[in-house]
**Q** 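After the structure tokens below, expect a handful of questions from me.
Treat the numbers as computed from the prediction; the structure is a model and nothing was measured. We name chains A, B, ... by the order of the sequence lines, and we start the count at 1 in each one.
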Amino acid sequence: MACRAVSLRFLIPKFASCVNRGNSGTIPALIRKTQHTRNSASRHRFSSTAAKPKKETITVHFVQSDGSKFSTTAAVGENLLDIIIDNDIDIDGFGACEGTLACSTCHLIFKQEDYDKIPDKPTDEELDMLDLAYGLSSTSRLGCQVVLTKDMDGLQVQVPTAVVDARDPS
Amino acid sequence: MLPNVIAVPRLCKRHLHRFLKQQFRHCVADHTSVDSPVPHVCVVGSGPAGFYTAQQLLKGNPDIVVDIYEKLPVPFGLVRFGVAPDHPEVKNVINTFTKTAKSERCSFIGNVEVGRDITLQQLRDAYSAVVLAYGADNDKTLGIPGEGLDNVLSARSFVGWFNGLPQDRDLKVDLSAERAVILGHGNVAVDVARILLTPIDILKTTDISQHALEALSHSCIKGVVLVGRRGPLQVAFTIKELREMTKIPECRPHLNPKDYLELLDLIPDLPRPRSRLTDLLYKTALEPNARYKALWADAKREWKLQFLRSPIHICGETKVTGIKLAINRLEVCLHTVRKHFKPIFTFICLCPLVYQVLRSIGYRSVSIDKDIPFNMERGVVSHTQGRVDGLIGVYCSGWVNTGPVGVILTTMTNGFETGKTIIHDISNGTLELSGKQGKNDILPLLQKSGVQVVSFSDWMKIDEAEVERGQNCGKPREKLVDIDAMLKIASTAAPSPL
């Protein structure tokens, strides 16, 4: 029975990223992320003296390439990569570099109006990685760089299909 | 056991379904284990191609057992030996690979070289499917006079040297000259240039090998020239690598504005990735912003790109004194599928006073077993959609399949595709499942011929030893570069069952 549990845990991949982000080289990115998260959360609070305001949650929908849809609630201030990992949404190879801007596997496509709502515009480094993504669109972002805000409630994002060959950048 | 049961009802249902299926299968298997034989699949090579294929196989079929064979005692292939030491974040994929390797249905079998310790035929006899995922272990050569001179290195060996690849640890790297030429405009060429130009204080905090760090700390290199046979619109490096080049501390680009002037009008019409890359080239050469100008002001080193040049002769007696370069013009080849610019020689110029030449014109695969049908021209295994031609049950994945191009995402996608093809063939009944015992058939053969097999838990011991060695010198890891030393650590304490 115990060994069955092990294999089951493998079938429902809970990526190492949640716990194992100890790579020293990635620390600056993570610190930046944490600080950023904190700032964007506090931006939406009116009183800074409130002891511990209840975390605001919103609903996010992920549409997979085969059309299947997963909906989940997520806390404001979380990024989309973490939401997918924390909820065990099973997308092949998603988040390979664990949110350190070194791959494009957490590529997500937004509706134009949702894309415009994202407060942080993509950095050059994010766009550099997106340029290597399959199925790049003008409303593409990397999930690890998109931090949820309150007005994104009901957000629907498309997980792109990996069909186009990204090898040739021309 | 079932995460977020309440918060995510849909997922809960999905997981519960899988869980019940799993439990049910378990009960059935106890009583009628002879009816459905377990599919045994072996993967040759433990780089990204091997691990991503294994991941797909384990996920796609709940019965499958996967054994990953590796020539070296240590896993992860080019993630360990190819990714530059100053790109630690790319190596995060190791966490996922480790998870795959620790699955009870997956075994890592290190220090076994297919073609030497075991043949492809023996593997085919023991496994329902064999996946060739051994990458591109060789590099292309120029085939010009002087290529064998002392100071001409292959960038591949140079990368192996600073990444602690055992076979390259004794590479003779002479950094006493001020100028190095790198032949090639790909990401490997840029990685090599960046390592040569990055200040030593930055490199010493990475997992770069100590022998390389020692040599680089005495480096006299002041300038690096990257020579490419085609033009600025055809460079093969990606924008991430180019951007890093513009940000190396104490180092500046020295680009000839004339090469880039004409690009401005073309930029808006190019596809986005190429457009952004070309725009960055243009701005770096002609319109750097104030921040960059300040960064480059007190540079001690510099790099430049030279376009439309093909080396035709490397001059020198024993050491390099110069390179003869042919000047090319580009001609569009319309008979290839993708619009391809073919360089045509026009006349020759001489690039004197070069003391170090690094050839970085691409990798190629080799055939590791006489039975493998091999496309010598392309340097890949002959295959149709991942199924190796003429050999039922043999597949190929990663660079032996696609050729040595693309980033890790490319290999991942190809690995997943190959994995799915095999799952499909298993459920189709195309593959022979009965009478295949997997590693139970192979390990006795290896034991007989005296091969010390390294398991994944043995690797964990090596890993621990390397991290500990790294701590002593302020690095995340100090790789062992001696195979015997690896094997010695692997064999310490109780030998772990595979």
Side-chain angles (χ1 to χ4, degrees), chain A residues 1 3-17 19-26 29 68-73 86-90 92-93 95-105 107 124-125 127-134 136 138 162-163 165-170, chain B residues 1-4 7-8 10-11 14-15 18-19 22-23 26 52 55-56 58-59 62 86-93 95-96 98-100 102-106 205-206 233-234 236 238-240 243 270-274 276-277 280 338-339 402 405-410 412-413 416-417 476:
Chain A
M1 204 55 216
C3 65
R4 285 292 126 189
V6 172
S7 70
L8 182 72
R9 211 180 303 147
F10 182 76
L11 272 176
I12 310 169
K14 193 155 176 77
F15 291 85
S17 60
V19 283
N20 198 357
R21 283 189 168 177
N23 200 331
S24 64
T26 67
S68 61
K69 190 170 160 183
F70 300 110
S71 304
T72 181
T73 52
D86 293 345
N87 290 294
D88 288 321
I89 298 175
D90 186 8
D92 279 339
C97 81
E98 310 185 351
T100 55
L101 271 183
C103 75
S104 53
T105 56
H107 173 205
D124 284 340
E125 284 74 14
L127 293 170
D128 291 353
M129 292 324 304
L130 276 170
D131 280 353
L132 298 174
Y134 294 108
L136 176 68
S138 57
V163 282
D165 196 338
R167 258 174 285 156
D168 188 7
S170 56
Chain B
M1 185 74 257
L2 293 169
N4 299 319
V8 197
R10 275 172 205 245
L11 282 170
R14 205 160 59 99
H15 290 170
R18 275 193 198 171
F19 179 77
Q22 186 86 15
Q23 294 306 311
H26 178 53
Y52 280 124
Q55 183 182 330
Q56 187 68 42
L58 292 165
K59 186 185 144 190
D86 57 343
H87 284 167
E89 60 287 342
V90 178
K91 302 186 194 195
N92 278 351
V93 294
N95 296 331
T96 310
T98 300
K99 214 169 168 54
T100 301
K102 283 185 172 173
S103 156
E104 60 165 5
R105 292 184 291 128
C106 182
T205 60
T206 69
L233 281 173
Q234 290 85 31
T238 52
I239 188 168
K240 181 198 176 197
R243 199 180 296 282
L270 295 167
R272 171 173 146 180
R274 180 59 73 182
R276 292 187 68 248
L277 177 56
L280 181 59
R338 278 184 298 195
K339 200 159 74 174
T402 61
V405 284
V407 290
I408 225 165
L409 172 70
T410 328
M412 181 174 93
T413 310
F416 288 163
E417 274 168 15

**Q** To the nearest 0.5 Å, how far apart are OG1 in A:Thr100 and NE2 in B:His87?
**A**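 If we round to the nearest 0.5 Å, A:Thr100:OG1 and B:His87:NE2 are 11.0 Å apart.
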**Q** Provide the closest heavy-atom pair for B:Val90 versus A:Ala102 in the form atom of the first, atom of the second, distance.
**A**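 In this case the closest contact between B:Val90 and A:Ala102 is CG2-CB, 3.8 Å.
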**Q** Do B:Lys240 and A:Leu132 have side chains that get closer than 4.5 Å, going by heavy atoms?
**A** no
**Q** Measure the spacing between CZ of B:Arg272 and CG of A:Leu136 and express it to the nearest 0.5 Å.
**A**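 Between atom CZ of B:Arg272 and atom CG of A:Leu136 there are 4.5 Å.
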**Q** Measuring only between side-chain heavy atoms, which start at C-beta, is B:Thr238 closer than 4.5 Å to A:Asp128?
**A**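 Answer no - side chains too far apart.
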**Q** Do any N or O atoms from the side chain of B:Arg276 and from the backbone of A:Leu127 form a donor-acceptor pair under 3.5 angstrom?
**A** yes
**Q** How close do B:Phe416 and A:Asp92 get, heavy atom to heavy atom, and via which atoms?
**A** CE1-CB, 3.5 Å
**Q** Work out which heavy atom in B:Met412 is nearest to a heavy atom in A:Thr105; give both atom names and the distance.
**A**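 Between these two residues, the closest heavy atoms are CE-CG2, 3.4 Å.
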**Q** Is the shortest heavy-atom distance from the side chain of B:Leu277 to the side chain of A:Asp131 under 4.5 Å?
**A**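 Side-chain contact under 4.5 Å: no.
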**Q** Looking only at heavy atoms, what is the nearest atom pair of B:Asn92 and A:Cys97, with distance?
**A**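 Where B:Asn92 meets A:Cys97 most closely, the heavy atoms are ND2-O, 2.9 Å.
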**Q** Would you indicate whether the side-chain heavy atoms of B:Val407 and A:Cys103 approach each other to under 4.5 Å?
**A** no
**Q** Residues two or more places apart in sequence or in another chain: which of them pass side chain to side chain contact (heavy atoms under 4.5 Å, CB included) with B:Thr98?
**A** B:Phe76, B:Ile94, B:Lys102, B:Phe456
**Q** Side-chain contact, heavy-atom cut-off 4.5 Å: A:Leu101 with B:Glu89?
**A**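 No, too far: nothing below the 4.5 Å cut-off.
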